[in-house]
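Okay, so here's the structure we're looking at.
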Amino acid sequence: MDDVVLIDHPLVQHKLTLLRRKDTSTNDFRRLLNEISTLMAYEVLHDIPMHPITIETPLETMTANVIDGKKVVFASILRAGTGIVDGMLTVVPGARVGHIGLYRDPKTLIAVEYYFKMPGDLAERDVVVVDPMLATGHSAVAAVERIKEYSPRSIKFVCLLTCPQGIEALHSAHPDVPIFTAAVDRELDENGYIVPGIGDAGDRIFGTT
Ligand SMILES: O=P(O)(O)OC[C@H]1O[C@H](OP(=O)(O)OP(=O)(O)O)[C@H](O)[C@@H]1O
Ligand SMILES: O=c1cc[nH]c(=O)[nH]1
Ligand SMILES: [Mg+2]
């Protein structure tokens with residue numbers, strides 16, 4: 001699949017298997033998602049810009065590279081994106097965080113926006129849109145469309161799980177946005193849930209029903 005990066009590292013896959021189980025507690029679900037997100041950040045951010053600085057080691061002066069964490073924006077699709085942002089901030093603590101509030105209308109599955117707040121100067125920043133689930137793709141397509149209004153330097157999309165329909169929808173609407181995921185599941189069920197899946201990501205993270 002073009003422009004889908006499947007993060008199949010054994011540590012990620014092991015934790016994903018534990019997280020999928022229906023008897024995994026809210027506490028463990030949140031912790032596992034946090035850990036997976038930290039591991040995924042390593043792959044997602046493999047090409048962010050670096051610049052050289054001069055430092056003193058105990059032995060001599062040298063030039064070495066650093067990233068500019070402030071130029072990275074984690075854009076969380078509420079609610080469930082929060083579960084990924086926390087893990088990614090562990091490795092890029094200086095990143096900026098944007099929020100886009102969207103919920104799926106349970107009947108039409110259309111994404112409805114209720115909140116939008118991004119950092120300024122997106123033209124100078126690389127945006128990583130995060131949401132555990134890319135199902136019909138309606139939420140991801142709407143979120144990327146809104147963020148593009150501010151012309152960021154680049155956009156990537158990161159999810160925990162997707163399915164062929166979600167990939168197709170996001171790629172047709174935004175072919176320039178690469179997708180990073182830990183799994184591509186079989187399909188959507190009649191209610192628009194990914195199967196085998198993990199159930200409702202927001203409910204499992206926050207312990208709601
Ligand atoms: O690809 P889609 O078909 O749009 O589905 C994916 C969306 O559904 C879930 O959010 P939900 O609407 O349940 O909101 P929540 O995070 O507040 O629970 C999930 O976190 C995605 O945002
Ligand atoms: O399987 C799914 C699909 C959409 N949203 C979820 O939380 N889970
Ligand atoms: Mg939900």
Side-chain angles (χ1 to χ4, degrees), residues 1 3-4 6 15-26 28-30 32-34 36-37 40 44 73-88 97-118 127-148 155-175 177-209:
M1 261 167 296
D3 247 351
V4 176
L6 178 66
K15 290 173 192 295
L16 174 59
T17 300
L18 301 182
L19 176 150
R20 281 181 188 272
R21 296 169 68 167
K22 69 176 183 192
D23 51 1
T24 295
S25 68
T26 300
D28 284 339
F29 188 95
R30 217 182 274 149
L32 287 162
L33 181 59
N34 201 287
I36 291 171
S37 306
M40 288 181 78
V44 171
V73 177
F74 296 127
S76 169
I77 302 183
L78 301 174
R79 294 173 295 167
T82 316
I84 295 187
V85 167
D86 291 346
M88 293 205 164
V97 179
H99 292 93
I100 176 159
L102 292 172
Y103 69 86
R104 288 202 316 177
D105 180 290
K107 287 209 173 69
T108 63
L109 301 183
I110 298 299
V112 182
E113 182 179 319
Y114 59 87
Y115 186 76
F116 187 86
K117 183 80 182 171
M118 290 293 142
V127 177
V128 179
V129 183
V130 302
D131 189 328
M133 311 306 279
L134 175 59
T136 64
H138 293 155
S139 306
V141 168
V144 171
E145 225 159 72
R146 282 288 272 129
I147 291 165
K148 277 187 173 175
I155 305 183
K156 292 171 177 168
F157 186 86
V158 180
C159 56
L160 181 67
L161 278 191
T162 186
C163 58
Q165 294 94 322
I167 292 171
E168 168 61 23
L170 185 52
H171 269 165
S172 335
H174 302 291
V177 175
I179 300 169
F180 294 78
T181 186
V184 181
D185 274 11
R186 194 177 66 245
E187 61 189 353
L188 293 177
D189 72 7
E190 63 283 6
N191 299 313
Y193 277 83
I194 296 173
V195 283
I198 56 170
D200 188 297
D203 285 345
R204 295 203 64 187
I205 293 168
F206 296 109
T208 49
T209 46

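Quick caveat: nothing in here was measured; it's all calculated off a predicted structure. Read the numbers this way: they start at 1 and go in the same order the structure lists the ligands and their atoms.
- Here the straight-line distance linking atom CG of D86 with atom CG of L33 works out to 8.5 Å at 0.5 Å rounding.
- For ligand 2, the atoms lying closer than 4.0 Å to a non-hydrogen atom of A135 are 3 (C), 4 (C).
- Partners of R30 according to the side-chain contact (heavy atoms from CB on, under 4.5 Å) rule, which considers only residues two or more places apart in sequence or in another chain, are T26, I205.
- D185 meets the side chain to side chain donor-acceptor pair (under 3.5 Å) test with R20; sequence neighbours excluded.
- In the model, R79 has a side-chain atom that pairs as donor or acceptor with a side-chain atom of T208 under 3.5 Å.
- Looking at M40 and I84, their side chains never come closer than 4.5 Å, going by heavy atoms from C-beta outward.
- At least one heavy atom of G192 sits under 4.0 Å from some atom of ligand 2.
- Taking CD1 from I179 and NE2 from H171, the interatomic distance works out to 4.0 Å, rounded to the nearest 0.5 Å.
- Under a 4.0 angstrom heavy-atom cut-off, A80 registers as lying outside contact with ligand 2.
- Distances shorter than 4.0 angstrom do not occur between any heavy atom of A140 and any atom of ligand 1.
- Taking distance alone, with nitrogen or oxygen atoms compared against 3.5 Å, A80 approaches ligand 1 more closely than that limit.
- For a threshold of 3.5 Å applied to N or O pairs, the pair formed by Y103 and ligand 1 contains no separation below that value.
- Looking at L78 against ligand 1, only its backbone comes within 4.0 Å, counting heavy atoms.
- Under 4.0 angstrom from ligand 1, the non-hydrogen atoms of T136 come from both its backbone and its side chain.
- Atom-to-atom distance recorded for R21:CZ and L16:CG is 12.5 Å, nearest 0.5 angstrom.
- Counting heavy atoms under 4.0 Å from ligand 2, residue A201 touches it through both backbone and side chain.
- Inclusion of L134 in the set of residues having an N or O under 3.5 Å from an N or O of ligand 1 is not warranted.
- Atoms CD1 and CE, from I77 and M133 in turn, are 12.5 Å apart once rounded to the nearest 0.5 Å.
- Shown in contact with M133 at under 4.0 Å from a heavy atom are these atoms of ligand 1, numbered in order with element: 6 (C), 19 (C), 21 (C).
- Using a 4.5 Å heavy-atom threshold, the side chains of H99 and S76 count as touching.
- Atom OG1 of T162 and atom CG of L170 lie 8.0 Å apart (nearest 0.5 Å).
- In this structure, R104 is part of the shell of residues with a heavy atom less than 4.0 angstrom from ligand 2.
- Using a 4.5 Å heavy-atom cutoff, the side chains of L78 and Y114 are in contact.
- At a heavy-atom distance under 4.0 Å, atoms from both the backbone and the side chain of S139 approach ligand 1.
- Between G202 and ligand 2, a contact under 3.5 Å exists for no N or O pair.
- Considering backbone and side-chain N/O of I194, one or more are found under 3.5 Å from N/O of ligand 2.
- Proximity annotation for atom 20 (O) of ligand 1: of D200, T162, D131, I100, D131 comes nearest, heavy atoms only.
- Residue Y114 has no nitrogen or oxygen atom sitting less than 3.5 Å from a nitrogen or oxygen atom of ligand 1, judged on distance alone.
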